Amino acid sequence: MSRPVEIDVAALHPAVDDPALNSMNFLNEVAQRYPDAVSLAAGRPYEEYFDADALPRYLDRFRRYLTDDLGYDEAGVRRTLFQYGRTKGILHELVARNLAVDEGVTVDPEAVVVTVGCQEAMFLVLRALRADPRDVLLAVAPTYVGLTGAARLLDFPVRPVRGGPDGIDLADLRAQLARARAAGERPRACYLMPDFANPSGVSIGLADRRRLLDLAEAEDLLLIEDNPYGLFPADGTTRLPTLKALDEWGRVVYLGSFAKTVLPGARVGYVLADQRVRGADGTVGLLADQLAKIKSMVTVNTSPIAQAVVGGRLLAHGCSLARANERERAVYAGNVRHLAAGLARRFPPPSPVRWNVPSGGFFAVVTVPFPVDDALLARSAQEFGVLWTPMAHFYDDTAAVDALRLSVSAVTREQIDLGLDRLAALLADEMDRRGVSVT
Ligand SMILES: Cc1ncc(COP(=O)(O)O)c(C=O)c1O
């Protein structure tokens with residue numbers, strides 16, 4: 001038998017060997033190796049309310065929308081659900097209605113491209129913006145690893161902007177813009193999550209949102225707003241307007257995901273790109289149409305069956321995902337508050353262990369008096385039975401980071417208690433080994 005072909009990884013695109021692309025696999029592998037560990041690592045949605053019986057109901061609801069609202073005949077319905085379809089998707093009208101109902105934003109449905117998860121939306125936007133070797137992307141750090149990985153695949157350098165306790169350090173954004181431009185680079189956009197960010201859990205206040213938009217306008221910068229967690233405030237009610245809702249000039253490209261509000265298995269998200277693009281022939285169209293051209297060469301179109309399931313759930317709740325997720329919102333809000341209270345009980349002052357109390361979302365960050373790496377995670381899983389995510393995975397360099405991310409979206413309060421007990425034991429053990437005083 002001949003030997004199979006062997007390819008040196010160095011002969012492949014460098015991204016395949018990049019830490020950003022290894023990150024998710026590594027974390028999944030640890031989780032699979034220790035299935036009995038309590039996972040405060042996964043940013044997955046709560047599973048208890050997944051209902052397989054609802055899927056045919058949603059499909060049927062969307063079918064009725066096609067016939068009753070859009071006037072399709074049976075052949076049209078079959079074609080829409082079974083065939084290759086519109087590149088920009090078949091959910092655009094419902095996405096527009098959802099944004100009107102839940103976010104108070106009026107958008108042109110033609111500016112919506114329905115994508116295979118928000119991940120594809122990121123990829124399309126970055127592909128379109130990365131036009132020249134001088135182009136760089138700014139991203140608030142710590143940054144969602146899916147963004148960094150997509151940028152790597154596109155040879156799009158990412159320049160970190162300090163996030164800090166206010167969600168974005170505007171002085172640092174200004175400084176990074178100036179530094180990049182002085183170095184001959186072209187900052188094309190800044191990626192950020194203004195609401196309950198992954199991984200920091202931090203939100204940007206209203207005044208800073210306005211300042212950020214003013215800065216973007218003054219600096220001729222696009223903002224890429226990613227908003228998978230905005231519906232989940234910890235007090236159940238307080239939500240700030242999205243950047244897109246405050247955007248007077250069309251500075252914001254808005255990314256949406258149905259992973260946390262409908263089901264991640266559908267793999268449906270979208271990008272709202274209402275910026276105008278002037279063609280070489282002088283005609284003006286939407287950025288969304290340029291993104292659709294790229295999409296046609298990446299995934300052709302988003303599965304219409306998956307879109308129909310998402311559409312059915314939207315229709316079943318008057319296009320409000322806030323209403324559709326009342327039970328989930330209560331779980332997440334309760335869990336985030338339970339986590340904060342549990343941390344306060346286990347690490348009372350003057351403990352060197354610190355954490356932020358997020359105002360919503362799935363995540364909180366715990367800061368400890370030693371570097372947190374993958375080896376410590378492996379020891380935590382094996383010896384203490386608890387999983388979490390080293391914050392180093394969310395920074396685009398190799399510097400040590402003294403912090404870890406906890407996620408409470410896919411666990412019960414009992415599991416949070418057990419996980420925190422185990423985490424406290426790990427941290428006490430590690431501080432003891434290192435001779436760090438516990439108080
Ligand atoms: C900030 C952020 N953006 C995007 C995504 C990916 O969303 P999707 O599953 O729709 O691709 C996630 C998933 O965890 C996320 O946390």
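Keep in mind the model is a prediction, meaning the values are calculated, not measured. One-based numbering, in listed order, for ligands and for the atoms of each.
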Under 4.0 Å from one or more heavy atoms of M193, ligand 1 contributes atoms 1 (C)
Note, Y229 side chain near N198 side chain (heavy atom, < 4.5 Å): yes
Checking side-chain contact (heavy atoms from CB on, under 4.5 Å) against F62, which of V77, L314, I305, I90 comes through? I90
G117: numbered ligand 1 atoms lying under 4.0 Å from its heavy atoms: 10 (O), 11 (O)
Is the shortest side-chain N to carboxylate O distance from R179 to E185 below 4.0 Å? no
Among all the protein's non-hydrogen atoms, which is closest to atom 13 (C) of ligand 1, and how far away is it? K260 NZ, 3.1 Å
re atom 8 (P) of ligand 1, the protein heavy-atom contact at minimum distance is C118 N, 3.4 Å
CZ/R79: more than 12 non-hydrogen atoms of other groups inside 6.0 Å: no
Ligand 1 atoms in contact with R267 (distance to a heavy atom under 4.0 Å): 8 (P), 9 (O), 11 (O)
Identify, by atom number and element, the atoms of ligand 1 in contact range of Q119, meaning under 4.0 Å from any of its heavy atoms. 11 (O)
Give the residue and atom name of whichever protein heavy atom lies nearest to atom 6 (C) of ligand 1, and the separation in Å to one decimal. Y144 OH, 3.6 Å
Does the pair K88/E110 count as a salt bridge with the N-to-O cut at 4.0 Å? yes
With heavy-atom distances below 4.0 Å as the criterion, list the atoms of ligand 1 near M122. 3 (N), 4 (C)
Under 4.0 Å from one or more heavy atoms of P228, ligand 1 contributes atoms 1 (C), 2 (C), 3 (N), 15 (C)
Using a strict 4.0 Å cut-off to heavy atoms of S257, name the atoms of ligand 1 that fall inside it. 7 (O), 8 (P), 10 (O)
Does E217 pair with R251 as a salt bridge, N-O distance under 4.0 Å? yes
For atom 16 (O) of ligand 1, what is the nearest protein heavy atom, given as residue, atom name and distance? Y229 OH, 2.6 Å
What's the separation between atom CG in L404 and atom CG in L40, rounded to the nearest 0.5 Å? 9.5 Å
Is A259 in contact with ligand 1, taking contact as a heavy-atom separation below 4.0 Å? yes
Look at the side chain of T302 and the backbone N and O of V114, then say whether any donor-acceptor pair between them is shorter than 3.5 Å. yes
Can you check whether F362 and F232 have ring centres sitting under 6.0 Å from each other? yes
For atom 2 (C) of ligand 1, the closest protein heavy atom turns out to be D226 OD2, 3.3 Å
